[in-house]
Amino acid sequence: MKSWVKSHPEDAFKAGKITRLYMNHWLAVPFFEQAIGREDFKCKDNDLRLAVLGAYNLPATGNESVLRAADKIAFLECFREFKKPLYEAAAPDTHTFVNVCSRLSLKGIKKKKCDELLPRSQF
């Protein structure tokens with residue numbers, strides 16, 4: 001699939017949808033990232049949402065590139081569409097929470113848990 005999309009970049013979004021359907025959801029994220037700016041890229045697409053949420057549920061260590069791609073989609077391109085699903089998926093003690101909490105406007109227990117994760121100032 002990667003070699004096809006390299007030769008046919010116009011098919012990146014379709015490749016993301018097919019990959020999400022038949023493989024682990026998060027594997028589709030790089031294809032969706034390549035589709036940003038193309039006519040068929042849709043922030044409201046359910047496959048896109050499932051792929052990005054799947055990526056955020058990975059541990060950060062060892063998955064840096066897919067998480068950077070998910071960040072680009074969720075926080076730079078499609079934040080309006082991803083804000084609520086990310087907030088709902090960010091349950092404390094999950095990888096999703098660790099990966100996104102510092103960039104969401106959290107309240108209550110979620111904010112407290114996120115603050116505990118952030119590095120404390122040395123001052």
Side-chain angles (χ1 to χ4, degrees):
M1 188 76 76
K2 288 179 185 179
S3 60
W4 176 266
V5 171
K6 187 174 183 178
S7 300
H8 302 89
E10 69 278 4
D11 291 338
F13 199 80
K14 291 177 197 167
K17 290 180 74 66
I18 291 168
T19 301
R20 203 286 312 155
L21 183 61
Y22 293 106
M23 304 182 86
N24 289 327
H25 295 348
W26 63 269
L27 291 169
V29 170
F31 294 119
F32 286 130
E33 179 189 26
Q34 291 176 50
I36 291 172
R38 297 205 162 272
E39 188 176 321
D40 62 346
F41 185 87
K42 304 286 187 257
C43 288
K44 291 183 179 182
D45 187 87
N46 191 51
D47 291 314
L48 176 67
R49 182 181 56 80
L50 291 171
V52 170
L53 292 176
Y56 281 125
N57 204 34
L58 296 170
T61 303
N63 296 295
E64 293 85 359
S65 65
V66 75
L67 289 170
R68 276 192 301 275
D71 283 348
K72 187 174 180 182
I73 294 166
F75 288 98
L76 296 178
E77 294 296 322
C78 303
F79 186 66
R80 183 177 45 189
E81 293 82 3
F82 275 85
K83 182 179 178 180
K84 184 177 179 183
L86 283 172
Y87 186 87
E88 291 171 354
D93 302 323
T94 65
H95 291 298
T96 301
F97 186 79
V98 172
N99 289 327
V100 302
C101 82
S102 66
R103 288 170 281 162
L104 295 175
S105 297
L106 301 174
K107 297 176 184 173
I109 190 72
K110 282 187 175 184
K111 179 168 180 14
K112 182 180 178 193
K113 289 278 191 180
C114 186
D115 290 345
E116 291 170 4
L117 290 173
L118 298 176
R120 298 182 192 269
S121 173
Q122 298 290 330
F123 302 103

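FYI, the numbering just counts along the sequence from 1.
The NZ atom of K113 sits 5.0 Å away from the CG atom of D93 when rounded to the nearest 0.5 Å. To the nearest 0.5 angstrom, K14 atom NZ is 14.0 Å from D47 atom CG. Within the model, atoms CG of L53 and CG of N99 stand 11.5 Å from one another, a figure rounded to the nearest 0.5 Å.
Using a 4.5 Å cut-off between side-chain heavy atoms of Ile, Leu, Val, Met, Phe, Trp and Tyr, with links allowed through other members, L50 and W26 fall into different hydrophobic clusters.
Looking at heavy atoms from C-beta onward, V98 lies in side-chain contact with L117 at the 4.5 angstrom threshold.
Scored by the side chain to side chain contact (heavy atoms under 4.5 Å, CB included) test, K42 finds D45 as partners (sequence neighbours excluded). Judged as a side chain to side chain donor-acceptor pair (under 3.5 Å), and not counting sequence neighbours, the contacts of N46 are R49.
Residue T94 comes nearest to A89 through the heavy atom pair OG1-O, 4.1 Å, listed as atom of the first residue, atom of the second, then distance. In terms of heavy-atom proximity, A55 sits nearest to V29 at CB-CG2, 3.9 Å. Scanning both residues, K110 and L106, for their nearest heavy atoms gives O-CD1, 3.7 Å.
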Under 3.5 Å, which donor-acceptor pairs link side chains of residues 30-38 to any protein atom two or more places apart or in another chain?
| residue | atom | partner | partner atom | Å |
| --- | --- | --- | --- | --- |
| R38 | NE | P9 | O | 3.1 |

Please list, one pair per line, the donor and acceptor atoms closer than 3.5 Å that link side chains of residues 65-85 to other protein atoms, with sequence neighbours excluded.
| residue | atom | partner | partner atom | Å |
| --- | --- | --- | --- | --- |
| D71 | OD1 | Y56 | OH | 2.5 |
| D71 | OD1 | R103 | NH1 | 2.7 |
| D71 | OD2 | R103 | NH1 | 3.0 |

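Pairs engaging residues 83-110 under the ring pair (Phe, Tyr, Trp, His ring centres under 6.0 Å) rule: none recorded [sequence neighbours left out]. Residue pairs satisfying the ring pair (Phe, Tyr, Trp, His ring centres under 6.0 Å) criterion with at least one member in residues 98-118, sequence neighbours excluded, are absent.
Taking a 6.0 Å sphere around CD of E39, one finds it holds 12 or fewer heavy atoms contributed by other residues, nucleotides or ligands.
For E64 (side chain) and G62 (main-chain N/O), a donor-acceptor pair under 3.5 Å exists by modelled atom type.
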